[in-house]
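Presented below is the structure to which this report refers.
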Amino acid sequence: MPETTVVVGGGVIGLSVAWRLAARQRVTLLDPAPEAAASWVAGGMLAPVTEAWPGEERLLDLGMAALDRWPEFAADLGVELGTGGTVAVAFDSADAGQQDTQAEFLAARGRAVRRLTSRELRALEPALSPKIRSGLSVPGDLAVDNRELLRRLRSACGTRGVTVDPRPADEVRPGAVRLADGTEIGCDTAVITAGAWSGALHPALAGLIRPVKGEILRLRPRSGEPPVRHTVRALVESRPVYLVPRANGEIVLGATQYEAGFDTEVTVGGVRDLLADAERVLPGLAEYALLECAAGLRAGSRDNLPLVGELEPGVLVAAGHHRNGLLLAPVTADTVYALATATPAPQPTTR
Ligand code: GLY
């Protein structure tokens, strides 16, 4: 008889873990609210270099290892990757100062990025404003349509025989997952992958994971706006904003970041700030159609690194991926697979 595993939470981490484990085990995935997952709301940047700041060396190294895994992961799932890379934009001289700090940190870690003048930036990305002070080019970054990825993962889980159960879980302990309706599902292994909601499922996680709200917009070009070819990450008077283009010209514009408990309402102030900052970077944005405003909850950890490991025999956790759930999904799934099957963890490649 194959071993049985219950995966608690069906965002990108839970789906990736379930899919990997289902190659060898009987897997049930508890997924009460697929569209509540942070990975459904996300932008889809796979951009470790511009995500890490001084003090986050381990996050940078983990992110780079994850980026290296992405082409194979995407090919296995049949999902397209955006390969245009990132341009990081500093709007004014204070923003340029912050960006210099980031570039120096990256150079010290052997991740050299190319500095660009305003003119060079616009040669790369003509839709950008001439008022932008300076920038960086990060050619190796990737991007993925997060919703397409989640659809592909669900379908791949189905092909491997994963049972999807929409009931929410209340508690995870060795040998069983207790559901909110009072019933229990027995298993050899349970894996907690419930993102921001993980902290309530096992006492060892209490206080370790907190919700970090993010609002995001989806935009569609209407007529003749120059296409955006790169992921654009901007600092505008110290506020970060990013624009992630999709192959069909749509743009995901994100994201606010603040702590408001489990509140997922989109606020007027959040939308106003995102649009105002993004329009200063990309003046043609006002002509786009506004398709969607959404909010999600990142799973924040104390040090911005994910918690992946064994809580007690038979109970694993893979949560706390904060801003990097999509990026880190392939390496997290590999690590959980190794733990759950007692096989060696793959060694990260380096470049
Ligand atoms: N990964 C970007 C964000 O969390 O907004």
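Whatever order the structure lists ligands and atoms in, that order sets their numbers, starting from 1.
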Arg229/Glu125 ion pair, N-O < 4.0 Å: no

Arg173/Glu312 ion pair, N-O < 4.0 Å: no

Region of Arg298 that comes within reach of ligand 1 [heavy atoms, distance under 4.0 Å]: side chain

Numbered atoms and elements of ligand 1 in range of Met45, under 4.0 angstrom, heavy atoms: 2 (C)

salt_bridge(Asp263, Lys213) N-O dist < 4.0 Å: yes

Protein contact of atom 5 (O) of ligand 1 - nearest heavy atom, named by residue and atom, plus distance: Tyr242 OH, 2.6 Å

Contact check: Arg323 vs ligand 1, nitrogen or oxygen atoms, below 3.5 angstrom: yes

Which of the ligand 1 atoms, numbered from 1, are nearer than 4.0 Å to a heavy atom of Ala255: 5 (O)

Pair Glu72 + Arg69: basic N to acidic O under 4.0 Å: yes

Lys/Arg N to Asp/Glu carboxylate O, Arg26 vs Glu3, below 4.0 Å: no

